[in-house]
Peer 1: 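Please see the structure below; I have some questions.
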Number of protein chains: 2
Amino acid sequence: MKKIDILKKLRSSGLRPTKQRVEIAKFLFEREKTFHFTVESLNKLLTKKTTSKIALATIYNTVHAFKTAGHLSEVEVRGNKTYFDTNVSNHHHFYDSETAELIDIDANDIVIQKIPKAPNGKKIKNVEVFINLKN
Amino acid sequence: MKKIDILKKLRSSGLRPTKQRVEIAKFLFEREKTFHFTVESLNKLLTKKTTSKIALATIYNTVHAFKTAGHLSEVEVRGNKTYFDTNVSNHHHFYDSETAELIDIDANDIVIQKIPKAPNGKKIKNVEVFINLKN
DNA sequence: TTTCACTTTAGAATAATTATAAACTAGGAT
DNA sequence: ATCCTAGTTTATAATTATTCTAAAGTGAAA
């Protein structure tokens with residue numbers, strides 16, 4: 001994914017491509033594999049990677065803007081850490097609480113045979129499966 | 001569940017049955033249906049219910065002691081609220097983000113046909129399914 | 001009943017996140 | 001090109017949930 005695509009990606013979702021957003025977007029989306037991170041870890045990585053410092057609040061803002069635009073998905077796991085995932089397709093996760101690590105599971109690798117109906121006037125938005133790991 | 005059973009329940013799990021623990025345990029376990037709560041909601045309910053005030057830190061301590069003893073299970077959902085559940089059997093949840101409400105799903109009501117192997121030297125501890133609801 | 005490890009308590013501390021308000025800036029209008 | 005303004009960034013304060021601390025209190029064994 002080239003810089004021009006980053007600009008398109010931002011503009012097409014109504015996000016003005018500011019210096020900070022472009023920098024963060026390049027860091028997140030110009031990679032082959034999916035990437036899991038917390039705001040804290042992203043902040044540290046960006047601080048290392050670049051000379052210009054981006055405010056923590058901006059990273060929060062930007063990550064949430066990307067999430068709202070559908071460029072990131074949010075995953076919450078035991079231990080009060082919110083992870084974001086550059087894989088926005090429908091998928092599931094292994095969670096290793098020893099290492100606080102998330103691993104993607106392709107949606108096709110989990111098949112649910114039986115599922116209950118949604119209660120009263122509600123509908124099912126999505127189904128998330130967490131497979132918690134131990135050693 | 002009578003008071004004597006509460007005392008047994010506490011003693012049998014190595015918890016000294018103090019006034020506060022008995023009061024909280026009675027409130028949590030002397031009911032028919034399973035009960036979902038956060039520490040905050042429990043604190044409010046206990047304040048209403050009883051005259052003697054229990055310190056918030058004690059409620060945190062006690063709830064975690066009950067969890068460690070296996071009398072409560074912990075469920076974490078989007079939005080950074082930790083719910084506890086008096087249903088400690090293996091089961092799943094609906095989560096309604098509109099009302100921030102959790103609803104139990106019996107383990108038998110979800111059947112998973114295909115599941116991936118755990119990575120490298122890891123084993124599967126448990127599988128949690130969240131069905132997120134919308135209107 | 002005395003003793004002491006376990007508990008409770010109020011308040012301080014921490015961590016993650018959100019709110020605030022002033023300064024800055026992208027990009028359309030002039 | 002310069003101006004203007006809504007959108008954005010920033011540092012800091014505020015908030016929320018939770019844990020820590022250290023002193024005072026209390027079951028229950030001896």
Side-chain angles (χ1 to χ4, degrees), chain A residues 3-4 6-25 27 36-47 50-69 71-72 74-84 100, chain B residues 3-4 6-25 27 36-47 50-69 71-72 74-84 97 100 102:
Chain A
K3 192 184 176 185
I4 184 65
I6 290 287
L7 294 185
K8 274 186 194 157
K9 186 168 195 159
L10 294 178
R11 285 221 179 76
S12 68
S13 40
L15 295 169
R16 190 188 289 178
T18 63
K19 189 157 51 71
Q20 293 86 340
R21 282 177 178 162
V22 170
E23 196 162 325
I24 295 172
F27 185 79
H36 295 105
F37 61 95
T38 64
V39 170
E40 192 199 2
S41 71
L42 178 59
N43 185 37
K44 277 184 191 150
L45 290 168
L46 285 172
T47 303
T50 67
T51 46
S52 56
K53 182 173 130 299
I54 301 178
L56 186 58
T58 300
I59 298 176
Y60 273 99
N61 290 342
T62 302
V63 163
H64 283 119
F66 288 177
K67 183 200 153 195
T68 301
H71 303 316
L72 291 174
E74 192 175 4
V75 186
E76 192 141 357
V77 292
R78 196 129 316 195
N80 256 7
K81 277 192 188 295
T82 301
Y83 285 80
F84 291 87
Chain B
K3 194 185 174 182
I4 183 65
I6 291 287
L7 295 183
K8 273 186 194 156
K9 187 168 195 158
L10 294 179
R11 284 220 180 77
S12 69
S13 40
L15 295 168
R16 189 187 290 178
T18 63
K19 189 156 53 71
Q20 293 85 342
R21 281 177 179 163
V22 171
E23 196 162 326
I24 296 173
F27 185 79
H36 296 104
F37 61 95
T38 64
V39 170
E40 192 199 3
S41 71
L42 178 59
N43 184 37
K44 277 183 191 152
L45 290 169
L46 285 172
T47 303
T50 67
T51 47
S52 57
K53 183 173 130 296
I54 300 178
L56 186 59
T58 300
I59 297 177
Y60 273 99
N61 289 342
T62 302
V63 163
H64 284 119
F66 288 176
K67 182 200 152 195
T68 302
H71 303 315
L72 291 173
E74 192 175 3
V75 185
E76 194 141 357
V77 292
R78 195 129 319 197
N80 256 7
K81 276 191 188 295
T82 302
Y83 285 79
F84 291 87
S97 60
L102 274 182

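Just so we're on the same page: letters track the sequence lines, and every chain starts at 1. Computed from a prediction, not measured in an experiment: that's the story for all the values here.
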Peer 1: To the nearest angstrom, how far is A:Lys44 atom NZ from C:dA16 atom C1'?
Peer 2: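 That distance rounds to 13 Å.
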Peer 1: How far does CG of A:Leu46 sit from OG1 of A:Thr62, to the nearest 0.5 angstrom?
Peer 2: 9.5 Å
Peer 1: Heavy atoms from C-beta onward define the side chain here; which of C:dG11, C:dT8, D:dT9 lies closest to that of B:Ala57?
Peer 2: C:dG11
Peer 1: From the options B:Thr58, B:Leu7, B:Leu10, select the one residue that forms a side-chain contact (heavy atoms from CB on, under 4.5 Å) with B:Arg21.
Peer 2: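 Single pass found, and it is B:Leu10.
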Peer 1: Does A:Gln20 place a side-chain N or O at less than 4.0 Å from the phosphate oxygens OP1/OP2 of D:dT10?
Peer 2: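 Yes, within the criterion.
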Peer 1: Rounded to the nearest 0.5 Å, what separates atom CD1 in A:Ile6 from atom CD in A:Glu23?
Peer 2: 12.0 Å
Peer 1: Once you round to the nearest 0.5 Å, how far does CD1 of B:Ile24 lie from NZ of B:Lys19?
Peer 2: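 So the CD1 of B:Ile24 and the NZ of B:Lys19 are separated by 11.0 Å.
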Peer 1: In whole angstrom, give the distance that lies between atom CG of A:Leu10 and atom C1' of D:dG7.
Peer 2: 14 Å
Peer 1: Name the closest nucleotide to the B:Glu40 side chain, picking from D:dA17, C:dA19, D:dT9.
Peer 2: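 Selected nucleotide: D:dA17.
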Peer 1: Which nucleotides of nucleotides 24-30 of chain D have their base under 4.0 Å from a protein heavy atom (B), which only their sugar-phosphate (S), and which neither (-), written as one string 5' to 3'?
Peer 2: --BBS--
Peer 1: Nearest 0.5 Å, what's the CZ-CG distance between A:Phe27 and A:Leu45?
Peer 2: 4.5 Å
Peer 1: Does the gap between the ring centers of A:His71 and A:Phe84 come in under 6.0 Å?
Peer 2: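 For A:His71 and A:Phe84, the ring centres are not under 6.0 Å apart.
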Peer 1: Report the distance from atom CZ of B:Arg21 to atom P of C:dT9, rounded to the nearest whole Å.
Peer 2: 11 Å
Peer 1: Report the distance from atom CD1 of A:Ile59 to atom C1' of C:dA16, rounded to the nearest whole Å.
Peer 2: 14 Å
Peer 1: Can you tell me how far P of D:dT18 sits from CG of B:Asn43, to the nearest Å?
Peer 2: 12 Å
Peer 1: Quick check on D:dT19: is either OP1 or OP2 less than 4.0 Å from any side-chain nitrogen or oxygen of B:Tyr60?
Peer 2: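 It does not, given that no N or O in the side chain of B:Tyr60 lies less than 4.0 Å from OP1 or OP2 of D:dT19.
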Peer 1: In whole Å, what is the span from the NZ atom of B:Lys67 to the C1' atom of D:dT19?
Peer 2: 14 Å
Peer 1: When the distance from CZ of B:Phe37 to C1' of D:dA17 is rounded to whole Å, what number comes out?
Peer 2: 15 Å
Peer 1: May I have the distance from A:Phe84 (atom CZ) to C:dA16 (atom C1'), rounded to whole angstrom?
Peer 2: 12 Å
Peer 1: Supply the atom-to-atom distance B:Ile59 CD1 to B:Ile54 CD1, rounded to the nearest 0.5 angstrom.
Peer 2: 5.5 Å
Peer 1: Would you indicate, yes or no, if C:dT8 has its OP1 or OP2 atom less than 4.0 angstrom from a side-chain nitrogen or oxygen of B:Lys53?
Peer 2: no
Peer 1: Nearest-nucleotide wise, let me know which of A:Ile54 and B:His64 is further upstream toward the 5' end of DNA chain D.
Peer 2: A:Ile54
